[in-house]
Number of protein chains: 2
Amino acid sequence: MMTIKDVAKIAGVSVATVSRVLNESGYVNIDTRKKVEAAIKEMNYTPNEVARSLYKRKSKLIGLLLPDITNPFFPQLARGIEDRMQEHGYRIIFGNSDENEEKELDYIQTFIQNNVIGMISSTNFPEKDIYSNLKIPVVFLDRTSNDSPSVYADGRKGGRLAAQEIIARGSTKITVMQGPAHIKPAQDRFQGAIEVLNEMGITYQVIQTSSFSHTEAEQWAVELFDKYIDTDGVIASNDIVATAVIHEAHRLGKRVPQDLQIIGFDDIPLSSLLSPSLSTIRQPAHDMGREAAGLLIKLIEQDKVEDKIIQLPVSFVERETTRRKE
Amino acid sequence: MMTIKDVAKIAGVSVATVSRVLNESGYVNIDTRKKVEAAIKEMNYTPNEVARSLYKRKSKLIGLLLPDITNPFFPQLARGIEDRMQEHGYRIIFGNSDENEEKELDYIQTFIQNNVIGMISSTNFPEKDIYSNLKIPVVFLDRTSNDSPSVYADGRKGGRLAAQEIIARGSTKITVMQGPAHIKPAQDRFQGAIEVLNEMGITYQVIQTSSFSHTEAEQWAVELFDKYIDTDGVIASNDIVATAVIHEAHRLGKRVPQDLQIIGFDDIPLSSLLSPSLSTIRQPAHDMGREAAGLLIKLIEQDKVEDKIIQLPVSFVERETTRRKE
DNA sequence: TTGTAGGCGTTATCAG
DNA sequence: CTGATAACGCCTACAA
């Protein structure tokens, strides 16, 4: 491994000078600069980030904590984050928390031990001391807490939209699937939906779902029709559950959207490929990731940041699981 | 930030002693050990991994390079890797390569600058010098190169299976979708399938697909029926394309599986939720991730590793896009 | 404009 | 059994 010393030696200067050209700091004669640059290129030298990090007490690493990368919504966030971070020279240490506080703590711990310079987290525990006591900037993604920096989509609005659209298209016996109680955005959606339902005086039923996992989605779909066989409109807690509902409706011989309309949430990439393709409330996941990254970078690089809360708009994506508007 | 010095001070010993108890190295009197441990707990001290890494010239970080986390196959690999690594105290620095050599190089570069102790890569360029010149262990995942350590599923076998099963279920005008030319496993599948087709003397057509992206999947599905409207069996290059094919078949009024059978590849989590649910060749993605992590850990921690090539079995998952065997 | 030297937090060597 | 102390590779006063 090359070190700054080696470069200094073959450039015939001191390490301090090499460091100066490396960091474009302080004065350095144009000619010696050239010599140094030549040496660097020749030896194909790149500075050891670990040593840098030790000295500066901070690295170019940022910590990313997501509940479960296996849920199709999160890779999109991750991708948005990574794209933006990468443009700015930051790298990502990644962990799945499984919404498990202990695991989360453990990761935060090691993030800090590795001098991460900032962190993005989709945690269910944003209020915890761990976060408020952190000495590095944190951005909550798809989550919020008071006035902490955060990026999220307007879940309540999304829920309202879903209800409005499904009502406008003629469903009258609506079932709302309520996502996991401990996940804030899931509850926002739910609240938004029932708000509208109540305002319009439409009767509805609720199905509780306690997670967003693929494996359990099927069960809830079954439970749904088991309890409410004659429902004619389902507002699902996300696209995965919605997919399972389509599947189950098919199995029961229900026609979608004629007998039953379904609206999902998220607009994961596969939604448009389903048969029928899924009408859904779109969250701009990739953008959310980019924004979160952008916000964190600001927090890191600027001392004063005005807009620390970024709310992105959701929108109704009309596809084939809803009828044409009357 | 606490340092080992602070601990030493309040424990009334030298840093060397603290270091010894931290690393369980060398002798240390039981009583002083207790004092030190008490101090550590009291101050809630955790060692600075960066300093450790600098001294040891290697960290507890491993680099992970995946083509695109947005493709549902990869999160599963990632998850498998992470789970296993996490159990062993390793953390992951992650990057999307987009199958772009330059990006890949860039990441490898920074991985090394960060003293990663090993690397897992799903690269299309395993033969490149960058890899062979690396001084840290590398495991290729879902990829291979000569006798480099690697973990992958038996793609050729998978292709053969797909062809055998679809033939056994009565398709006679088969279309094989050939995945991206530069992706080895995609070609293996293709080869396996046409091998069987040729052996059995079945005529078939080929549709080229140049990527695995969601956005383009739809186009190939359209192209497929555009060119071969009366095909009665499709062997898709992966589950995403297969999903698009189901969708397009629906649109054209074809009944699946009566008029048209479809077999996918991968068995991504959503496959079972589709309508009809997708028959596919399953790759044990999560296990592949775990195995790759396990192999890398061995490579790191042991000096001699016997089985450096791990091939995992694929299997046919019978669902609703194929008919019952006759 | 350039070089010397001290320090970032740990570990390991070597006396004691 | 314990304690100085020299690295690890880099950056930044401070001198020259």
Side-chain angles (χ1 to χ4, degrees), chain A residues 1-37 39-40 43-61 89 109-117 135-136, chain B residues 1-37 39-40 43-61 89 109-117 135-136:
Chain A
M1 196 71 232
M2 301 282 80
T3 79
I4 200 174
K5 239 178 185 163
D6 302 313
V7 178
K9 188 171 302 168
I10 89 132
V13 298
S14 76
V15 296
T17 302
V18 178
S19 179
R20 281 190 202 97
V21 347
L22 242 28
N23 299 289
E24 309 183 43
S25 65
Y27 300 97
V28 35
N29 182 295
I30 180 84
D31 289 328
T32 65
R33 150 165 289 128
K34 275 186 189 140
K35 273 192 302 184
V36 173
E37 278 166 351
I40 290 177
M43 321 187 60
N44 209 278
Y45 165 83
T46 54
N48 180 325
E49 285 296 335
V50 176
R52 273 180 138 128
S53 169
L54 177 59
Y55 181 83
K56 301 225 191 152
R57 291 130 163 287
K58 58 188 172 189
S59 68
K60 306 222 68 174
L61 264 20
Q109 176 82 276
T110 66
F111 286 167
I112 291 180
Q113 294 185 62
N114 281 287
N115 278 176
V116 301
I117 193 178
K135 278 175 287 294
I136 53 171
Chain B
M1 196 72 231
M2 300 283 81
T3 79
I4 199 175
K5 241 178 184 161
D6 303 312
V7 178
K9 188 170 302 168
I10 88 133
V13 297
S14 76
V15 296
T17 302
V18 178
S19 180
R20 280 190 203 99
V21 347
L22 242 29
N23 299 287
E24 309 183 43
S25 65
Y27 300 97
V28 33
N29 181 296
I30 180 82
D31 289 328
T32 67
R33 150 164 290 126
K34 274 185 188 140
K35 272 192 304 184
V36 173
E37 278 165 351
I40 290 178
M43 322 188 61
N44 209 278
Y45 163 84
T46 55
N48 180 324
E49 285 297 334
V50 177
R52 262 154 126 109
S53 170
L54 177 60
Y55 183 84
K56 300 225 191 154
R57 290 129 162 285
K58 56 188 173 188
S59 67
K60 306 223 65 173
L61 263 20
Q109 175 84 275
T110 66
F111 285 169
I112 291 180
Q113 295 184 68
N114 282 286
N115 277 177
V116 301
I117 193 178
K135 278 175 288 291
I136 53 170

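Each chain gets a letter, A, B and so on, in the order the sequences are listed, and its residues count up from 1.
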Pairwise N/O distances under 3.5 Å, protein to nucleotides 8-10 of chain C:
residue: C:dC8; atom: O2; partner: A:Tyr55; partner atom: N; Å: 3.4
residue: C:dG9; atom: OP1; partner: A:Arg57; partner atom: NH2; Å: 3.2
residue: C:dG9; atom: N2; partner: B:Ala51; partner atom: O; Å: 3.4
residue: C:dT10; atom: OP1; partner: B:Tyr45; partner atom: OH; Å: 2.6
residue: C:dT10; atom: OP1; partner: B:Asn48; partner atom: N; Å: 2.9
residue: C:dT10; atom: OP2; partner: B:Ile4; partner atom: N; Å: 2.5
residue: C:dT10; atom: O5'; partner: B:Tyr45; partner atom: OH; Å: 3.4

Nearest-0.5 Å distance, CD1 of residue B:Ile10 to CD1 of residue B:Ile40: 10.0 Å
Below 4.0 Å: OP1/OP2 of D:dG3 and any side-chain N or O of B:Thr17: yes
Within a strict 4.5 Å, meaning less than it, do heavy atoms of the A:Phe111 and A:Leu61 side chains meet? no
Looking only at D:dC1, C:dG3, D:dG3, the nucleotide nearest the B:Tyr27 side chain is D:dC1
Enumerate, atom names and distances included, each donor-acceptor pair closer than 3.5 Å involving a side-chain atom of residues 14-24 of chain A, sequence neighbours excluded.
residue: A:Ser14; atom: OG; partner: A:Ala16; partner atom: N; Å: 3.3
residue: A:Ser14; atom: OG; partner: A:Thr17; partner atom: N; Å: 3.4
residue: A:Ser14; atom: OG; partner: A:Thr17; partner atom: OG1; Å: 3.4
residue: A:Ser19; atom: OG; partner: A:Asn23; partner atom: ND2; Å: 3.3
residue: A:Asn23; atom: OD1; partner: A:Arg52; partner atom: NH2; Å: 3.1
residue: A:Asn23; atom: ND2; partner: A:Ser19; partner atom: O; Å: 2.8

Would you call B:Met43 and B:Val7 a side-chain contact if the rule is heavy atoms closer than 4.5 Å? yes
Does A:Ser25 put a side-chain nitrogen or oxygen below 4.0 Å from OP1 or OP2 of D:dC11? no
A:Arg20 atom CZ is separated from C:dT2 atom P, nearest whole Å, by 8 Å
So do B:Gln113 and B:Thr110 actually touch side chain to side chain, heavy atoms under 4.5 Å? yes
Students often get this wrong, so: under 4.0 angstrom with heavy atoms, is A:Val18 touching a base, only sugar-phosphate, or nothing? nothing
Take the C1' atoms of the five end pairs on each side of the helix from C:dT1-D:dA16 to C:dG16-D:dC1, get both axes, and report the angle to 10 degrees. 50°
Using whole Å, what does the distance between atom C1' of nucleotide D:dC10 and atom NZ of A:Lys58 come to? 16 Å
Restricting to non-hydrogen atoms, name the atom on B:Asn114 and the atom on B:Ser59 that form the minimum distance, rounded to 0.1 Å. O-OG, 3.8 Å
Provide, to the nearest angstrom, the distance between the CG atom belonging to A:Asp6 and the P atom belonging to D:dG9. 9 Å
Quick one, B:Asp31 and B:Lys35 - any side-chain contact, counting heavy atoms below 4.5 Å? no
Distance test, side-chain N/O of B:Thr32 to OP1/OP2 of D:dT2, below 4.0 Å: yes
